[in-house]
Every structure is written in structure tokens, then in C-alpha cells.
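The block underneath contains the structure these notes are about, expressed in C-alpha cells.
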Number of protein chains: 2
Amino acid sequence: MPDPSQTQTSQTQTRLPLSRDRILVAALAYADTHGLQALSMRKVAGDLGVEAMSLYNHISNKADIIAGITDLVAGEITLPTPDFDWKGEMRARSQSAHRVLVKHPWAAAQFQAGHPPGPMMMTYLDATLGCLMAVGFTPAQADHARNTIDNHIYGYTLQKLTRPTRAREIARAAKKELKSIPAASYPHLHRRTEELANATSAEVDDFDFGLTLILDGLDALR
Amino acid sequence: MPDPSQTQTSQTQTRLPLSRDRILVAALAYADTHGLQALSMRKVAGDLGVEAMSLYNHISNKADIIAGITDLVAGEITLPTPDFDWKGEMRARSQSAHRVLVKHPWAAAQFQAGHPPGPMMMTYLDATLGCLMAVGFTPAQADHARNTIDNHIYGYTLQKLTRPTRAREIARAAKKELKSIPAASYPHLHRRTEELANATSAEVDDFDFGLTLILDGLDALR
DNA sequence: CGGCGGTCATTTACACTGTAAGCGCCCGAT
DNA sequence: ATCGGGCGCTTACAGTGTAAATGACCGCCG
């Protein structure tokens with residue numbers, strides 16, 4: 001170890017103090033690059049140049065960290081605003097949420113895990129309800145509508161996260177899977193996979209497919 | 001330890017040999033009662049009266065166990081059959097899936113995790129595709145339709161698993177939550193929660209709400 | 001200026017996780 | 001009779017979350 005006095009001064013100068021926010025930012029970055037299951041107290045602490053137990057002076061436990069970074073992610077979604085074109089608002093909001101959840105691949109599962117929502121998530125919920133209620137939906141209808149839309153967003157995002165996205169790769173993956181899908185046992189699944197293996201261009205976007213379905217259905221109920 | 005010879009004979013008589021199936025059954029039971037996050041090799045082994053490492057003679061690792069029990073759950077869902085009343089088939093299949101996933105509360109998240117499907121899951125997928133294609137949907141349409149429906153099932157089930165189900169309890173929970181939802185910051189969310197706190201009877205079932213939406217939308221596309 | 005209390009990083013420790021490596025028993029085949 | 005392999009066990013290790021106690025620093029108050 002070098003001269004202690006120098007180390008001290010350089011520390012007090014360079015190393016800014018730990019804080020809940022700094023911990024959450026580091027944890028968020030770690031989860032994004034290594035996955036949530038790889039996130040551990042010691043790893044986050046390491047990235048901050050600190051020992052694991054030091055984190056407990058600012059956060060209460062690991063669940064607290066996960067709740068914190070999940071709410072940070074919720075804060076990245078652009079909020080819908082009351083507007084006559086509520087479908088457009090919902091579509092924009094859905095695509096924003098989808099983009100954000102792809103950027104933080106571990107987050108969609110957390111959104112669905114059912115833990116109590118943080119403040120960011122609550123403003124996101126509130127804005128969505130407000131947008132729907134402004135165009136005539138009852139609170140209950142708005143609630144159900146939001147649930148249905150969100151389920152679609154989360155489900156679609158989760159499934160897209162594990163499959164290749166470019167047409168080229170989809171075809172290659174499908175060819176590989178085809179060997180483990182005997183046509184005798186799974187005729188329809190086999191046929192569909194064959195189709196995917198030979199597809200050259202990306203098909204109609206599934207996301208808008210289901211979303212339009214839901215929005216149009218909601219429109220009729222209003 | 002008692003007389004070894006007696007112990008041996010009683011063991012060879014009473015204790016049936018370990019097997020992949022016995023392990024999966026024990027693991028499934030454990031996950032159902034204690035949750036998937038509490039499932040560990042030692043716990044499962046303990047329930048079988050055996051040491052943890054013995055399991056590895058029949059399964060390759062913990063992920064293998066989880067994949068196995070997940071596929072067991074998939075096998076419990078009643079399959080749809082090709083029928084003119086495809087909406088009825090889809091509705092029945094959805095409700096069966098929902099019931100099964102409530103019985104195994106950890107499973108819905110696994111279904112959505114995107115791991116390669118086991119044989120039971122694949123016959124489930126194949127039957128669904130078959131039912132849809134039999135009434136005129138193209139393979140791609142059937143695929144998208146199934147995805148949209150399943151997202152709804154999983155999402156709805158996951159959310160129902162964390163909230164109280166009886167109207168009485170919903171109201172009580174809503175009253176408690178109300179304190180952490182200041183009307184100033186979250187007016188619409190607050191209003192909706194208020195409504196829930198005063199609701200006496202269960203509302204229209206959200207599940208059928210969204211499902212009908214989707215099925216009707218699909219019908220128009222066919 | 002002296003010391004005192006509070007803040008906060010650290011050290012040590014414990015119970016628990018998945019699983020690699022190797023031991024030894026028993027059983028069935030040669 | 002012996003050998004080989006299947007299979008349960010023991011031991012071991014690296015890693016997990018976190019409780020408890022230690023100690024360095026800082027600003028405040030006398």
C-alpha cells in the first residue's frame with residue numbers, strides 16, 4: 001500500500017461517497033450487461049470499488065436494489081398524455097415501453113412479478129389511466145384496458161428477447177430447430193417452422209398485430 | 001445406527017430406487033408448496049430420503065429439473081381439438097391453462113422465460129396451431145394468434161397470483177394501498193383504487209374481458 | 001482546542017447454494 | 001469367482017445474502 005496520507009487525500013478527493021443513487025446506477029448497469037441472475041452484492045460493490053457490506057448502509061437488502069432499478073427502468077418510459085387520438089397515445093406508449101424493456105432485458109419479468117410498484121411505475125400507471133379515462137372509459141374499463149395492453153407488451157417483449165430478430169437469423173434458427181420437431185409428432189408446429197426456415201423477409205410485426213387487435217376491440221367497448 | 005444387515009434388507013425392500021420421474025415428481029411438489037426460488041437440490045433430495053449429489057445420477061443439473069417440472073405442468077393443460085367452434089376451443093384451452101398455472105404458481109413465469117419447450121409443451125403448441133389452422137387461419141396467422149392469446153393467459157395469471165381474489169379481500173387490500181397513493185400525485189390511480197375499496201361484488205372477470213377482445217379481433221382477420 | 005457522537009466502510013462470520021471429484025457398495029453378467 | 005458398471009455417498013470448493021462487531025473519519029459543542 002502506498003503512503004497512507006497520500007492515499008487518504010486522493011481517496012477523499014477522487015472517491016465520491018457512496019449513496020443509494022450511485023448504488024442503483026451501478027446495479028442497473030450490471031444487470032443490463034450481465035443479467036439480473038448474475039447480479040450480486042459483491043459484484044455491484046466491486047464495480048463501485050467498495051466492499052459488499054458497505055452497500056447495506058444505503059439500501060436495506062438485495063430486494064430493495066432490484067425494486068429500485070426496476071423503478072428506474074419504469075421511469076424511462078415516455079408517458080401518454082390525454083388526447084383525442086388515444087389509440088395513437090397507447091401505441092406510442094407501448095412502443096416506448098417495448099424499446100425500454102429491450103434495452104433492459106431483465107426488466108420485463110420484474111414488471112410482471114407483481115411486486116408493489118415504485119413511484120415511477122405509479123406515475124406511469126396513473127398517466128395511462130388518465131389518458132384512457134379522458135376519452136370516456138370508466139375507471140374500471142381503463143384499468144382492464146391497461147392490463148390487457150400491458151400483458152401484451154410484456155409477453156411480446158419477453159418472447160422477442162429470446163428469439164433472433166433479423167429475418168436471416170430467424171430462418172437459420174428455424175432450420176436448426178426443425179430437427180427436433182419431428183413432423184410425425186408435431187405436424188402443424190413442423191409446418192410453421194418450415195415456413196419460417198424458408199422465409200426471406202420479416203413478416204408483419206407481431207407486436208402491432210396483437211396491439212391493433214386489442215385497441216380496436218377496446219374502441220368498440222367505449 | 002441399527003443392525004446393518006437389517007437396515008440393508010429393509011432398505012432394499014422399502015426404498016424403491018431413485019429415478020428421473022421420482023425426482024421430478026418430488027421437485028414439482030416442492031415447488032408447488034414452497035415456491036420455485038426455495039427449491040434446492042438438497043431439499044428435493046431430502047424429501048426423497050437421499051443425499052443431494054445422488055440426484056445427479058439421473059438428472060444433469062438443476063436447470064434440467066426445472067425444465068422437467070415445467071413440461072410436466074404443460075402436460076396438465078387440456079388440449080384443444082379441431083372444431084368449427086374454434087372460439088369455444090380457445091376459450092376452454094385458455095381457462096384450462098389458467099387453472100393449471102394457478103395450481104402451480106411458479107410455472108407461468110417459466111412458460112414465459114423462453115427456454116426451449118419440452119415434449120408436452122410442444123404437443124400443446126401443436127394442438128393449438130392445428131385447431132386454428134383447421135378453421136382457415138394461415139400458419140403465420142395461427143402462430144401470431146396463439147402468441148397473442150398465450151401472452152394474455154400468462155400475463156393475466158401472473159397478475160392474479162399476487163392479488164387477492166375475493167371481493168372482500170380486494171376491498172381491504174385497496175383500502176390499505178390507498179394510503180400510499182396520494183391523490184395529489186396519482187389522481188386517476190387513486191380514484192380507481194378508491195372505487196375498488198368500496199366495491200362490494202366482484203366485477204366482470206378481467207380474463208374473459210381481454211380474451212373476448214382478442215378472439216373477436218382474430219375472427220375478423222380470418 | 002479537545003473530545004464526543006454519529007456516519008459509514010470494513011472485517012469476520014454463518015448458513016446456504018450448485019456441483020465437481022472420487023469412494024465404495026451391491027448386483028448382474030461372464 | 002470375479003469383474004465392471006450403476007448409483008448412492010462423502011468431501012470439497014467457490015459463491016450467495018446478510019448479521020454483528022470494529023474502527024476510521026468528520027463535524028459539532030463545550
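Letters A, B, ... are given to chains in the order of the sequence lines, protein chains preceding strands, and every chain is numbered from 1.
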With a 4.5 Å cut-off on side-chain heavy atoms, are [Y] and [X] touching?
X	Y	result
A:M122	A:Y124	no
B:Y156	B:L101	no
A:L79	A:D126	no

Measure the distance from [atom1] on [X] to [atom2] on [N] and round it to the nearest whole Å.
X	N	atom1	atom2	answer
A:R20	C:dC8	CZ	P	14 Å
A:L39	D:dT16	CG	P	10 Å
A:L55	D:dA19	CG	P	13 Å
B:K62	D:dG15	NZ	P	18 Å
A:Q37	C:dT17	CD	P	19 Å
B:M41	D:dG15	CE	C1'	16 Å
A:L36	D:dG17	CG	P	11 Å

Touch class at under 4.0 angstrom, heavy-atom based, for B:I65 against every strand present: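 Here B:I65 touches no strand at all.
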
Sugar-phosphate, base or nothing in reach of A:I59, heavy atoms under 4.0 Å: nothing

Side chain of [X] only, please: which of [options] is the nearest?
X	options	answer
B:Y56	C:dA9, C:dG18, D:dG17	C:dG18
A:A52	D:dT18, C:dG18, D:dT16	D:dT18
B:M53	D:dT11, D:dA20, C:dG18	D:dT11
B:E51	D:dC7, D:dC9, D:dT18	D:dC9

is_close_aromatic(B:Y186, B:H190), centroid dist under 6.0 Å: no

Base of D:dG17 paired with side chain of A:N61 (donor-acceptor, under 3.5 Å):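 By the distance-only test, no, there is no pair.
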
Donor-acceptor pair present, A:R42 side chain and D:dG15 base, under 3.5 Å: no

[N] OP1/OP2 closer than 4.0 Å to side-chain N/O of [X]:
X	N	value
B:H58	D:dG8	yes
B:N57	D:dG6	no
B:S54	D:dC7	no
B:K43	C:dC16	no

Electrostatic pair B:R172-B:E177, nearest N-O below 4.0 angstrom: no

